[in-house]
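Below: the structure, in structure tokens.
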Amino acid sequence: MSIGIIPDKTRAYLKAMITSIRQQLANLFRTFLEYESVIDQSTSLAAYECDGLSAYRQTPLLVVLPQTIEEVQKIVVICAERNIPIVSRGAGTSLSGGALPHADGIVLSLSKMNRILNIDDNAQSITVEPGIRNLAVSEAVKHLGLYYAPDPSSQIACSIGGNVAENAGGVHCLKYGLTLHNVLGVTLVTASGELLVLDQQSLQSQGYDLLALIIGSEGMLGIVVEVILKLLPIPQCARVILAVFDDVEKAGNSVARIISGGIIPAGIEMMDNPAIRAAESFVNAGYPIDSAAILICELDGTEAEVESQIIKVDSILKNSGAVDTRLAKDDAERHLFWSGRKAAFPAVGRLSPDYYCIDGTIPRKALGAVLTEINRLSEEYGLRIANVFHAGDGNLHPLILYDANNEGEFEKTEALGSRILQLCIYHGGTITGEHGVGVEKLGEMCVQFSDIERYQFHAIRSAFDPANLMNPGKAIPTLARCAEFNSMHVHNGELPHPELDRF
Amino acid sequence: MSAQIQKVSIPHVNHEDDLQSQIESASANGAPVKITGGNTKAFYGHAVDALDIDVSGHSGIIDYDPAELVITLRAGCKLKDVELLLAEKGQMLGFEPPYFGEEATIGGIVASGLTGPRRGFSGAIRDFILGVKLLNGRGEVVNFGGRVIKNVAGFDVSRLMVGALGTLGILLEVSIRIIPKFETETTLFFEHVDAQKHIDWINQTRRLPYPISASVWYQGQTKIRLSGSLQGIDSACHDLGGDGKIDKDETWSGLKEQSHPFFGQVRSLARVSVPSVESDFLTAESQLIEWGGAQRWIETPQESLDQLRHQVESHRGTVCAFRGYDRHAEIFHRPTDAILALHRNLKSSFDPAGIFNPGRMYAGL
């Protein structure tokens with residue numbers, strides 16, 4: 001509850017009110033939840049103040065940790081009757097503030113609902129509760145020769161429920177798809193507490209594709225309480241090539257040539273010079289620190305297929321201007337090549353007290369132009385930027401280095417981030433490839449979508465949740481918010497990129 | 001636009017303003033419209049009694065850069081022209097859409113959501129669509145999604161349009177992810193007298209690292225199609241063996257277009273969709289099984305439909321009265337009341353006056 005400039009007496013009164021509401025609600029929840037499953041003490045509530053985007057913090061009214069679908073339904077019904085907002089939360093690794101608490105609402109943590117309900121070896125599927133960690137799914141089916149393909153970089157910690165909310169991707173999604181392509185069904189508790197089963201195991205959905213709508217909806221259309229995931233056979237063989245370039249644009253073009261040449265790599269990642277230097281000094285992966293860019297390309301499949309693809313990829317890379325290509329000779333070296341890329345974020349973190357990760361997607365052909373402009377913006381704002389890039393699908397992660405202790409530097413960083421995202425829109429891309437809008441990118445949503453389009457989003461939301469209680473205030477900005485954002489970003493009386501066709 | 005694009009000669013005609021003014025007045029008058037593209041899938045769903053609005057003239061390629069593997073085009077483009085254009089660049093649509101007639105359009109493909117033999121082994125249209133430009137029921141032109149593969153800004157409206165049968169709006173443009181053509185394809189066949197044997201075999205075999213792109217079981221024989229690199233297919237053929245090999249097999253286009261002999265013999269054709277491993281619904285006298293077991297075409301008289309629906313429902317599946325049924329009776333499997341209520345809410349969020357294809361999907365929607 002936001003308490004602004006008000007007399008001390010009133011402030012004390014409001015505080016007492018909140019404490020009393022909190023107590024009453026906690027008692028009510030404790031009639032059917034275990035005592036410890038309701039968190040109402042401010043010291044314990046602090047752990048839920050923020051998610052992976054720690055710049056935004058808010059203490060919730062309460063945190064509840066249900067263990068069954070029935071408990072989730074009861075919680076939702078109680079909140080619906082009292083008009084109390086619910087923010088559902090998985091592992092709290094969101095980078096966009098998707099799980100930021102609401103001041104007047106509760107956080108519904110699904111971390112205790114982390115069981116595996118069924119493994120169907122024959123159908124190659126697994127039914128899980130949403131709180132299970134992403135990596136735990138693959139670990140549970142490894143003995144069957146199967147795995148779950150989407151592997152966001154937070155996969156050790158992030159939950160499947162969170163992956164569904166954000167439509168999480170990962171290094172391998174170019175070939176194996178996003179969460180959307182690997183979820184066969186969900187069970188959802190709606191804002192009114194009803195249970196919906198959306199099951200596409202039969203491959204032919206009838207009616208509207210509500211499952212597709214739920215995936216990536218940032219917890220605003222209901223609470224996912226069960227998920228059926230598709231499992232894939234672990235590939236027989238995987239090989240990695242590392243290619244060195246003296247020019248980022250050449251590196252970008254080589255990616256387009258590989259893919260349009262009929263080869264879909266299991267992963268193809270690019271790092272620019274600042275990212276290479278940071279990673280190399282951190283993990284000693286053998287990256288050439290003077291190169292402009294490196295590409296790490298993984299191919300998987302049967303031995304015969306991979307062997308033939310390696311030869312083709314190597315020749316495409318050389319013809320595209322790679323100054324050097326290196327084929328990992330064994331699994332140890334393959335992991336070494338990957339180690340630098342996988343450690344890129346912490347490596348950049350060592351160069352600077354803080355860093356801010358941006359998540360724009362662009363058509364691949366725009367890469368050169370976008371990187372040039374990012375470098376110019378970096379100079380304009382006086383902030384260093386390292387770029388890592390899911391090159392196959394155009395998902396760019398510029399990492400802005402800053403120091404939060406310097407007055408105003410975070411605000412400057414956010415402004416630079418916003419400029420980069422608007423640059424992505426300008427080049428026909430989008431403001432978020434895989435991290436979601438959350439609270440972070442509400443402003444840029446005003447640029448990417450028109451008033452009418454945002455109205456449609458709100459209308460869809462109302463179709464599921466007319467009282468606006470599920471994760472309110474996230475993902476879709478209000479008209480007022482956009483009016484404010486646009487007034488701040490008008491230059492010389494013009495809206496940013498008015499010429500833009502935003503398809 | 002490059003010279004090659006002109007070669008296939010896809011008409012570039014913008015009907016957006018015209019369509020918009022037609023919808024504005026339909027919306028103002030509450031006058032329902034029946035959206036028609038190539039009119040090749042008119043049989044699918046309930047009969048709609050409304051004024052035709054022809055969208056097939058709204059045609060043209062907006063953007064196609066083969067290196068991006070994405071195409072953006074107006075919904076009235078003819079499927080055959082688009083497939084030719086892509087083939088020129090060694091590319092293709094990844095979901096093998098059925099034509100059911102020369103005039104089939106891209107918009108019709110997306111709206112019907114129908115996919116061909118590949119579906120059992122790779123994605124559906126919803127897995128390839130990246131963005132839409134839509135004319136909603138208020139006569140407004142709106143854009144959702146985009147031209148990039150990874151995009152989580154806003155709700156996924158473009159995927160919601162797939163299979164919506166035009167009940168939410170008129171598709172003006174779509175952006176679709178495309179895939180490179182496979183180096184080669186071949187077909188293997190196996191004698192599997194009973195359907196259960198087929199179901200067990202195909203579900204086991206699909207776990208092996210072979211590039212299976214389609215399967216069918218009909219009259220005691222399993223056929224699989226392999227699509228991939230020469231080396232990959234050679235080694236798969238070697239390992240899988242089988243009772244025969246056919247390099248160019250008409251079966252797959254016959255299944256896609258339902259010109260396969262099975263479809264000619266069947267009078268009332270039910271589409272039974274179940275999880276691929278389901279071991280019920282295998283004993284019908286006249287049936288054909290696709291999609292690794294998930295799509296079963298079963299001849300079912302009108303009077304037995306309800307019973308079949310009831311049985312399939314308890315096996316996490318659905319039944320569609322596909323062809324040869326009373327088109328005023330129930331066609332699609334009725335969802336639960338809660339889900340149907342959501343359908344109505346969503347429909348009115350896009351089309352408050354209820355003018356688009358009323359009743360095509362479900363009565364009252």
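Each chain gets a letter, A, B and so on, in the order its sequence line appears, and its residues count up from 1.
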Legend entry - Residues A:Asp121, B:Arg207; criterion salt bridge (charged side-chain N to carboxylate O under 4.0 Å, His left out); working and verdict: CA-CA 10 Å; A:Asp121 184 20; B:Arg207 290 177 72 135; 2.4 Å; yes

Legend entry - From CA spacing to verdict: side-chain contact (heavy atoms from CB on, under 4.5 Å), A:Glu453, B:Glu140: CA-CA 9 Å; A:Glu453 288 152 1; B:Glu140 298 159 338; over 6 Å; no

Inset, instruction - Give the C-alpha distance, both sets of side-chain angles, the deciding distance and a yes or no for side-chain contact (heavy atoms from CB on, under 4.5 Å) between A:Leu174 and B:Ile149. - result: CA-CA 8 Å; A:Leu174 178 67; B:Ile149 298 168; 4.3 Å; yes

Inset, instruction - For the pair B:Asp156 and A:Ile214, evaluate side-chain contact (heavy atoms from CB on, under 4.5 Å) and give the outcome as yes or no after the intermediate values. - result: CA-CA 8 Å; B:Asp156 205 338; A:Ile214 295 301; over 6 Å; no

Legend entry - B:Val142 and A:Phe449: CA distance, side-chain angles, deciding distance, side-chain contact (heavy atoms from CB on, under 4.5 Å) verdict: CA-CA 9 Å; B:Val142 281; A:Phe449 295 99; over 6 Å; no

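Shortest non-hydrogen contact noted between A:Gln448 and B:Ala153 is NE2-CB, 3.9 Å. Between B:Ala294 and A:Leu203, the closest heavy-atom pair is CB-CD1, 3.6 Å. Closest of all the heavy-atom pairs between B:Gly154 and A:Val437 is N-CG2, 4.4 Å. Here the shortest heavy-atom pairing between A:Glu194 and B:Ala338 reads OE2-CB, 3.4 Å. For the residue pair B:Gln231 and A:Ser308, the shortest heavy atom distance occurs at NE2-CB, 3.3 Å. Annotation for B:Ser229 and A:Glu305: closest pair OG-CG, 3.7 Å, computed over non-hydrogen atoms.
A salt bridge is absent between B:Arg159 and A:Asp209; no separation between the charged side-chain nitrogens and carboxylate oxygens falls under 4.0 Å. Using a cut-off of 4.0 Å between Lys/Arg side-chain N and Asp/Glu carboxylate O, B:Arg177 and A:Asp393 are scored as not salt-bridged. Under the 4.0 Å criterion applied to side-chain N and carboxylate O atoms, B:Lys150 and A:Glu166 are not assigned as salt-bridge partners.
Within the 4.5 Å cutoff, the side chain of A:Thr361 has no heavy atoms near those of the B:Asn151 side chain. Side-chain contact between B:Val148 and A:Ile362: absent, with no pair of heavy atoms (C-beta onward) separated by less than 4.5 Å.
Atoms CG and CG, from B:Asp127 and A:Leu180 in turn, are 6.0 Å apart once rounded to the nearest 0.5 Å. In this structure, CD on A:Gln200 lies 13.5 Å from CZ on B:Arg316, to the nearest 0.5 angstrom. Atom OG of A:Ser260 is separated from atom CD of B:Gln91 by 7.0 Å, given to the nearest 0.5 angstrom. Going from atom CG of B:Leu342 over to atom CG of A:Leu188 covers 8.5 Å, rounded to the nearest 0.5 Å. Expressed to the nearest 0.5 Å, how far OG1 of A:Thr302 lies from OH of B:Tyr210 amounts to 8.5 Å. Here B:Ser276 contributes atom OG and A:Asn122 contributes atom CG; the two are 7.5 Å apart, rounded to the nearest 0.5 Å.
Top candidate by heavy-atom pairs under 4.5 Å with chain A, chosen from B:Ile178, B:Thr167, B:Leu340, B:Leu230, is B:Thr167. In terms of non-hydrogen atom pairs under 4.5 Å with chain A, the most contact-rich of B:Gln204, B:Met161, B:Arg271 is B:Arg271. Between chain A and the options B:Ile179, B:Asp234, B:Val277, B:Thr336, heavy-atom pairs under 4.5 Å are most frequent for B:Val277. The greatest number of non-hydrogen atom pairs below 4.5 Å with chain A, out of B:Glu183, B:Arg344, B:Arg138, is found for B:Arg138. The choice from B:Arg119, B:Arg126, B:Lys181 that makes the most heavy-atom pairs within less than 4.5 Å of chain A is B:Arg126.
In this structure, A:Tyr208 and B:His343 have parallel ring planes: the angle between them is below the 30° cut-off, well short of the 60° mark.
For B:Glu278, no part sits under 4.5 Å from any heavy atom of chain A, backbone or side chain.
Side-chain contact check for A:Gln204 and B:Thr318: no donor-acceptor pair (N or O, by modelled atom type) lies under 3.5 Å.
Put simply, the side chain of A:Gln206 gets close to the backbone of B:His333: a donor and an acceptor are under 3.5 Å apart.
Residue-environment remark: OH (A:Tyr455) stays at or below the threshold of 12 foreign heavy atoms within 6.0 Å.
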